[in-house]
Protein chains: 2
Amino acid sequence: MTDGVSSTRVAAYLREAILSGELAPGARIRQEDVAERLGASRLPVREALRILAADGLVEHEAHKGARVPRLSQHEVDVVYRMRERLEPIAIVESMPHLDDGAHEQLEEVQRRIEDNTDVEKFLDLDREFHMLTYSGCHVDTLMTVVTRLWNSTQHHRRTYLALAGHRAMWAVNAEHRLILDAVRRGDADDAERYLGGHIRRTRIELSHHPEVFR
Amino acid sequence: MTDGVSSTRVAAYLREAILSGELAPGARIRQEDVAERLGASRLPVREALRILAADGLVEHEAHKGARVPRLSQHEVDVVYRMRERLEPIAIVESMPHLDDGAHEQLEEVQRRIEDNTDVEKFLDLDREFHMLTYSGCHVDTLMTVVTRLWNSTQHHRRTYLALAGHRAMWAVNAEHRLILDAVRRGDADDAERYLGGHIRRTRIELSHHPEVFR
DNA sequence: TTGCCACGGATTGGATCCAACTTCCAGAGT
DNA sequence: ACTCTGGAAGTTGGATCCAATCCGTGGCAA
């Protein structure tokens with residue numbers, strides 16, 4: 001259900017365009033272009049841009065318009081260090097509320113990740129896997145921030161994956177399996193540990209590839 | 001200097017009203033009221049509300065309007081656990097960029113905190129102290145999130161202080177002094193440790209006072 | 001050639017009017 | 001007495017038009 005509200009539809013459209021890489025970091029977003037393309041007026045576009053700014057997907061400057069933020073290597077590194085500390089909280093909050101159905105879903109998504117070879121598909125599935133592990137966390141403030149952190153580094157994950165291919169994928173799968181097992185067993189300590197390690201290892205791999213940041 | 005842009009002026013006005021407690025959690029904000037009071041049209045008010053939503057100061061629902069979010073005790077606890085893990089990153093990022101002038105300012109602010117007895121004044125000064133220690137952190141994503149976390153719990157700090165008075169204030173001052181000293185010495189490990197402990201102790205004190213959450 | 005100023009197109013910000021939705025209350029029907 | 005329905009009032013969302021600002025371009029002078 002698209003909510004019926006135009007501004008949220010526009011926001012969804014732009015969110016997809018940015019996360020899919022169609023709009024790269026640094027790209028400018030002209031209100032009238034979007035309005036025309038979606039058959040709406042500029043007003044809902046303006047509101048959509050504010051919504052996306054809250055998600056960290058665009059940055060807005062008065063009288064200069066909106067553009068997709070361009071993060072430096074150091075900024076991305078800090079974002080990953082933030083994730084390393086925040087997401088363990090989310091998984092611990094979430095685990096008690098995950099039932100067998102959720103565990104099944106996780107197993108299924110992880111199986112699809114292991115069968116997959118496409119970069120774009122991996123990005124979606126990986127995000128789905130982690131968000132599923134957090135789906136029992138009902139603290140809005142936390143989930144908003146976590147989503148924001150994923151959003152703002154989506155572009156770099158993509159270019160890194162396109163570069164490294166599936167060479168390092170075995171580690172991701174091993175870590176996901178360990179996380180999934182800990183979640184199933186209800187072992188919060190292990191879940192925290194493996195999740196933190198997963199993010200940390202990714203951060204360090206990224207730091208070895210400065211070419212991702214042009 | 002107020003940016004000249006109406007929507008940011010409106011946002012600043014509402015931000016002040018919310019942080020000062022004038023608009024309490026749960027309070028509804030009608031666009032026309034604000035517009036009339038500030039002599040603007042409803043449009044900049046709408047944009048201001050979106051800006052504030054990004055700061056976590058209001059929540060917006062389609063066709064139902066904006067209101068100041070009401071956080072549960074558990075949510076506030078999680079927000080403090082987030083702060084406990086994020087702000088140490090901020091202070092470590094910041095410290096290398098703080099010069100003697102900044103150290104002087106910190107000393108001055110802390111002195112004023114120790115001389116102060118007013119609750120409202122303490123809230124401002126305490127925030128100023130911590131934000132000063134983070135002022136050298138130029139990672140936008142991190143500072144945006146930290147600000148958001150402070151914003152969303154400002155109300156609870158106020159009511160707790162009004163309740164506990166300055167009984168527990170000595171601990172705050174001791175911790176501030178230790179943080180300030182570590183910052184001066186450029187000792188990142190100590191700064192991290194004392195800051196984390198400061199936030200953690202506050203969180204635990206809050207958890208002992210459920211009456212703050214009505 | 002280079003730097004500066006002015007001007008005009010392009011783009012965003014704001015005001016007003018109209019449409020859509022929500023909420024609340026009265027009244028009929030059970 | 002209770003529930004459900006319909007409609008009116010109140011509030012937010014969207015479209016259009018106008019104002020303010022930015023930015024590139026071209027001309028002019030040093």
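Just so it is clear, the values below take in all heavy atoms, side chains as well, and ignore hydrogens, waters and symmetry mates. Worth saying up front: this structure is predicted, and the values here are computed from it rather than measured. Residue numbers begin at 1 in each chain, while the letters A, B, ... track the order of the sequences.
Donor-acceptor pairing under 3.5 Å is recorded for the side chains of B:Arg127 and B:Asn151. Neither side chain, B:Glu108 nor B:His103, offers a donor N or O lying under 3.5 Å from an acceptor on the other.
Whole-Å rounding puts the B:Glu61 CD to D:dT12 P distance at 13 Å. Atom pair A:Arg50:CZ and D:dT12:C1' shows a separation of 18 Å (rounding to whole Å applied). One atom, CD of B:Glu32, and another, P of D:dT11, lie 8 Å apart when rounded to the nearest Å. The CZ atom of B:Arg42 sits 15 Å away from the P atom of D:dG10 (whole-angstrom rounding).
Not a single side-chain hydrogen bond (donor to acceptor under 3.5 Å, both in side chains) links B:Ser41 to another residue, sequence neighbours left out.
Positionally, the nearest nucleotide of DNA chain D for A:Leu43 lies more toward the 5' end than for the other of A:Lys64 and A:Leu43. The residue among A:His63 and B:His60 whose nearest nucleotide of DNA chain D lies closer to the 5′ end is B:His60.
A:His176 NE2 to A:Thr133 OG1: the interatomic distance, rounded to the nearest 0.5 Å, is 8.5 Å.
The aromatic rings of B:His130 and B:Trp150 are tilted relative to each other, their planes meeting at an angle between 30° and 60°.
No more than 12 heavy atoms of other residues, nucleotides or ligands lie within 6.0 Å of CD in A:Glu36, so this atom counts as exposed by the packing criterion.
As judged by a 4.0 angstrom heavy-atom cut-off over every strand, B:Leu49 is placed among residues making no nucleic acid contact.
Protein chain A contacts DNA chain C from C:dT11 to C:dG14, reading 5' to 3' and using non-hydrogen atoms of the protein with a distance under 4.0 Å.
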